[in-house]
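Data first, discussion second: the structure below is written as structure tokens.
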Amino acid sequence: MAHGYSTIFLVDDDVLFRRSFVPTALALLRKGSDIVCSYSLYHPDISTLDRLRSVASGSPPEVTIGGNAVVLNVGPRLGLFPYVYNEDWLFLWSSMHYGAATITPIQTVLQRAPRPGRESLVRMEQFGELVVFMLFYENEARADLSRLRDESFITYSIQAYRRTVTELLQCSRSSALVLDALAAIEDITVADVRTFAEALESEIEQHYVNNTPH
């Protein structure tokens with residue numbers, strides 16, 4: 001997959017970073033980090049609904065480490081990018097949770113303002129947003145995929161997530177986007193979440209089996 005490279009730099013096409021970013025990241029990789037990533041504070045790459053919450057509250061959005069600019073050592077500790085929205089965050093999560101990878105955040109990067117029409121992605125984003133909501137419901141530090149197979153937890157989480165989105169109707173001027181999001185959430189079933197969790201867990205386990213030296 002890495003075509004023979006031992007170190008890779010992944011960067012979004014709308015990100016600007018300091019010249020010192022890559023040399024600093026390489027130095028940290030040599031000291032033992034598996035992944036070096038960044039924070040994006042200027043037009044952060046957050047979901048449509050998180051952007052609406054920020055505008056409605058008049059406060060900056062919550063920003064975590066992300067996959068906007070990532071330098072990594074190719075090796076058995078790295079996770080994978082699932083085919084779902086939030087794939088970069090889930091890559092970091094699987095690397096930490098399953099691969100025990102050492103992830104070091106450095107600096108901040110600048111992200112260009114979203115292109116017009118980005119809001120049209122709101123429906124597509126909901127399943128991945130729900131997955132992350134469930135994995136870290138109530139800030140659970142040891143989140144794993146087993147909870148995404150529990151029918152009662154899935155049902156409760158879908159209802160709880162729907163409530164957080166419904167609250168936006170009271171304070172956001174972009175009610176059409178919120179209604180689009182709610183429509184997408186209505187289409188998500190317990191079986192959808194369980195099937196995704198089982199498939200992802202199997203894929204992650206196979207990924208680490210295939211990439212662990214024997």
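Counting begins at 1 with the first residue of the sequence. What you see below is based on every heavy atom in this structure, not just the backbone, and it leaves out hydrogens, waters and symmetry mates.
- Listed by first then second residue, pairs satisfying salt bridge (Lys or Arg N to Asp or Glu O under 4.0 Å) with a partner in residues 94-104 number zero, not counting sequence neighbours.
- Across Tyr85, Phe127, Tyr83, a single residue satisfies ring-ring contact (aromatic ring centres under 6.0 Å, His included) together with Phe196, and that is Phe127.
- Residues Ala181 and Val122 approach most closely at CB-CG2, 3.9 Å, considering heavy atoms.
- Taking CG from Asp34 and OG1 from Thr104, the interatomic distance works out to 8.5 Å, rounded to the nearest 0.5 Å.
- For the pair Met124/Leu121, a side-chain contact is recorded, criterion being any heavy-atom separation below 4.5 Å from C-beta on.
- Using cut-offs of 30° and 60° on the angle between ring planes, the pair Phe81 and Phe91 is parallel.
- The aromatic rings of Phe17 and Phe21 sit tilted relative to each other, their planes meeting at an angle between 30° and 60°.
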Quiz item: After noting the C-alpha distance and the side-chain angles of Ile188 and Val193, does the key distance pass the side-chain contact (heavy atoms from CB on, under 4.5 Å) rule?
Solution: CA-CA 8 Å; Ile188 300 173; Val193 176; 4.0 Å; yes
Quiz prompt | Evaluation steps, side-chain contact (heavy atoms from CB on, under 4.5 Å), between Leu145 and Ile204 | solution = CA-CA 11 Å; Leu145 290 169; Ile204 288 174; 4.1 Å; yes
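- Contact between Asp192 and Asp187 at its shortest, heavy atoms only, is OD2-O, 3.5 Å.
- Counted by atom type alone, Tyr161 and Gln126 present one or more donor-acceptor pairs between their side chains at under 3.5 Å.
- Leu200 contributes atom CG, which lies 12.5 Å from atom OG1 of Thr195 (distance to the nearest 0.5 angstrom).
- Among all heavy-atom pairs drawn from Asn68 and Asp88, the shortest one is N-OD2, 4.4 Å.
- Of all heavy-atom pairs between Gly79 and Ser94, the closest is CA-OG, 3.3 Å.
- Heavy-atom minimum distance, Gly32 versus Thr102: O-CB, 4.1 Å.
- Here the CD atom belonging to Gln159 is positioned 11.5 Å from the OG1 atom belonging to Thr166, to the nearest 0.5 angstrom.
- Looking at Leu169 and Leu179, their side chains come closer than 4.5 Å, going by heavy atoms from C-beta outward.
- Here the side chains of Val131 and Asn86 are not in contact, with every heavy-atom distance at 4.5 Å or above.
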Quiz item: Can Leu148 and Leu135 be said to form a side-chain contact (heavy atoms from CB on, under 4.5 Å), step by step?
Solution: CA-CA 8 Å; Leu148 273 68; Leu135 284 173; 3.8 Å; yes
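- Residue Tyr98 holds its OH atom at 9.5 Å from OH of Tyr208, rounded to the nearest 0.5 Å.
- Atom CG of Asn73 is separated from atom CD1 of Ile8 by 9.5 Å, given to the nearest 0.5 angstrom.
- We find the CD1-SG distance between Ile103 and Cys37 to be 6.0 Å, quoted to the nearest 0.5 Å.
- For the pair Met134 and Phe153, the tightest heavy-atom approach, listed with the atom from each and the gap, is O-CZ, 3.6 Å.
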Quiz item: Checking side-chain contact (heavy atoms from CB on, under 4.5 Å) for the pair Val11/Phe9: CA distance, chi angles, key distance, verdict?
Solution: CA-CA 6 Å; Val11 60; Phe9 181 28; 3.9 Å; yes
Which atom pairs, one a donor and one an acceptor, fall under 3.5 Å between side chains of residues 23-30 and the rest of the protein, sequence neighbours left out?
from, atom 1, to, atom 2, distance (Å)
Thr24, OG1, Ser20, O, 2.7

